[in-house]
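Sequential numbering from 1 along the given sequence is applied to the chain's residues.
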Amino acid sequence: MRLYRKFRQYLEAKHLWDVFTYLFFGGLATVVNIVSFAVAYRNMGFSWPISNTISWVLSVLFAFVTNKLWVFHTQTTNRLGLLWEFVKFLVARIFSYGLDMFTMWLIIDVMSGNDLIAKLITQVLVVVVNYVFSKLFIFTSPRRDRQ
């Protein structure tokens, strides 16, 4: 626990704690996305667009909860505030979903690339775009004390 505290203090001093937690939970959301895509596409026999949509829905739900609670620490005082935050989150994720689908189509259908390689490439792009949207537009309410 002492090592964790030192690590956290170091990153907070460099203003990198949010980036670290976003990458950590973003990495977990990426695992949710890739695993659910692989199961739907390779094991269940869905087309790649359907599989990609399933994986997107699951990873978006996972990402909203983890981003709200453990990355950006936003607090909403009522259901309307929570709904507004979720709507903003969904709008941004729909944009990145379009980027995801376009890149998957380009790599799989146009370039005849491997589906999982395509998924990995798209996830790198999506994580970066989603961080920018989350940091600047979505989770912007006052943060609670994290110490």
Heavy-atom side-chain contact between [X] and [Y] under 4.5 Å:
X      : Y      : result
Trp56  : Ile94  : yes
Tyr97  : Thr53  : yes
Phe62  : Asn33  : no
Asp115 : Phe37  : yes
Leu99  : Thr122 : no

So which atom in [X] and which in [Y] form the shortest heavy-atom distance, rounded to 0.1 Å?
X      : Y      : answer
Asn114 : Arg42  : ND2-NH2, 3.9 Å
Leu58  : Ser36  : CD1-CB, 3.7 Å
Arg93  : Ser134 : NH2-OG, 3.8 Å
Ser59  : Ala29  : CB-O, 3.6 Å
Ala92  : Asn130 : O-OD1, 4.4 Å
Ala38  : Leu116 : CB-CD2, 4.2 Å

Between [X] and [Y], is there shared hydrophobic-cluster membership here, with clusters defined by ILVMFWY side-chain heavy atoms closer than 4.5 Å?
X      : Y      : answer
Trp70  : Leu82  : yes
Leu106 : Leu125 : yes
Val132 : Val127 : yes
Val71  : Val128 : no
Leu136 : Val91  : no

Worksheet item: Given Phe7 and Phe20, is the ring-ring contact (aromatic ring centres under 6.0 Å, His included) satisfied, shown in steps?
Response: CA-CA 11 Å; Phe7 178 68; Phe20 173 76; 5.0 Å; yes
Got a second to check how far [X]'s [atom1] is from [Y]'s [atom2], nearest 0.5 Å?
X      : Y      : atom1 : atom2 : value
Gln123 : Met104 : CD    : CE    : 8.5 Å
Phe72  : Thr66  : CZ    : OG1   : 9.5 Å
Leu80  : Glu85  : CG    : CD    : 11.5 Å
Ile117 : Met111 : CD1   : CE    : 11.5 Å
Leu28  : Leu23  : CG    : CG    : 11.0 Å
Ile121 : Asp100 : CD1   : CG    : 11.5 Å

Any donor and acceptor pair, going by atom type alone, linking the side chain of [X] with main-chain N or O of [Y] inside 3.5 Å?
X      : Y     : result
Lys119 : Ile34 : no
Trp17  : Tyr10 : no
Lys68  : Thr74 : yes

Item to complete: Give the intermediate values and the outcome of side-chain contact (heavy atoms from CB on, under 4.5 Å) for residues Phe89 and Asn67.
Response: CA-CA 10 Å; Phe89 188 81; Asn67 280 314; 3.8 Å; yes
Practice prompt. Kindly indicate, with the supporting measurements, whether the criterion ring-ring contact (aromatic ring centres under 6.0 Å, His included) is fulfilled by Trp48 and Tyr41.
Written response: CA-CA 6 Å; Trp48 76 257; Tyr41 186 62; 8.1 Å; no
Worksheet entry | side-chain contact (heavy atoms from CB on, under 4.5 Å) assessment of Leu61 paired with Phe86 | CA-CA 10 Å; Leu61 293 173; Phe86 186 67; 4.2 Å; yes
Worksheet item: Looking at Tyr131, Phe139, Phe133, which hits ring-ring contact (aromatic ring centres under 6.0 Å, His included) with Tyr22?
Response: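 Among Tyr131, Phe139, Phe133, the one that satisfies the ring-ring contact (aromatic ring centres under 6.0 Å, His included) with Tyr22 is Tyr131.
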